Amino acid sequence: MAKFMDVHHGMKGITAEQLVAAHKADQAIEREEGVHFERAWADPKSGTVYCLSEAPSAEAVKKVHAKAGHPVAEVHAVPLSV
């Protein structure tokens with residue numbers, strides 16, 4: 001399985017509680033696509049949210065986010081880490 005970082009835009013003003021709820025919504029259905037969402041970060045001021053996952057493909061990440069109600073267009077493979 002590969003690691004992916006996806007980026008959501010337009011979530012200006014997101015609160016910690018809303019970020020937790022969105023992350024839990026993803027985790028509740030992630031197994032349907034063989035994805036595991038590991039962590040999420042947000043910048044409420046810009047409305048940008050980042051999610052780190054392990055998944056079989058970028059398409060699988062997109063499918064889970066769409067089903068959870070917060071679709072994403074930007075998914076990047078992250079094959080290297082330190």
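All values derive from a computational prediction rather than experimental measurement.
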query = Which atom names give the shortest non-hydrogen contact between His23 and Arg39, and what distance separates them?
reply = CE1-N, 3.8 Å
Heavy-atom pair of closest approach, residues Glu30 and Gln27 = CG-O, 3.4 Å
query = Do Val75 and Leu52 belong together in a cluster built from hydrophobic side chains that touch within less than 4.5 Å?
reply = no
ask   = Is a side-chain donor or acceptor of Ser53 paired with a backbone partner of Ala55 at a separation under 3.5 angstrom?
value = no
Any Glu32 side-chain heavy atom under 4.5 Å of Ile29 side chain = yes
request  = Please check if any side-chain donor atom of Glu54 sits under 3.5 Å from a side-chain acceptor atom of His36, or the reverse.
outcome  = no
note = One should read off an interatomic distance between Ile14 CD1 and Ser46 OG, to the nearest 0.5 angstrom, of 10.5 Å
query = Which pair of non-hydrogen atoms, one from Pro56 and one from Gly34, has the smallest distance, and what is that distance?
reply = CD-O, 3.2 Å
Nearest atoms (heavy-atom pairs only) where Val61 meets Val35 = N-CG2, 4.1 Å
query = Shared ILVMFWY cluster between Met11 and Val7, side chains joined below 4.5 angstrom?
reply = no
task = Give the C-alpha distance, both sets of side-chain angles, the deciding distance and a yes or no for side-chain contact (heavy atoms from CB on, under 4.5 Å) between His76 and Tyr50.
result = CA-CA 11 Å; His76 305 277; Tyr50 304 91; over 6 Å; no
request  = Please determine if Glu33 and Lys67 form a salt bridge, counting it only when a charged side-chain N lies under 4.0 Å from a carboxylate O.
outcome  = yes
ask   = Nearest heavy-atom pair of His70 and His8: which atoms, and what distance?
value = O-CE1, 3.2 Å
query = With the 4.5 Å side-chain cut-off for hydrophobic clustering, are Trp41 and Val78 part of the same group?
reply = yes
request  = Tell me whether the centres of the aromatic rings in His65 and Phe37 are closer together than 6.0 Å.
outcome  = yes
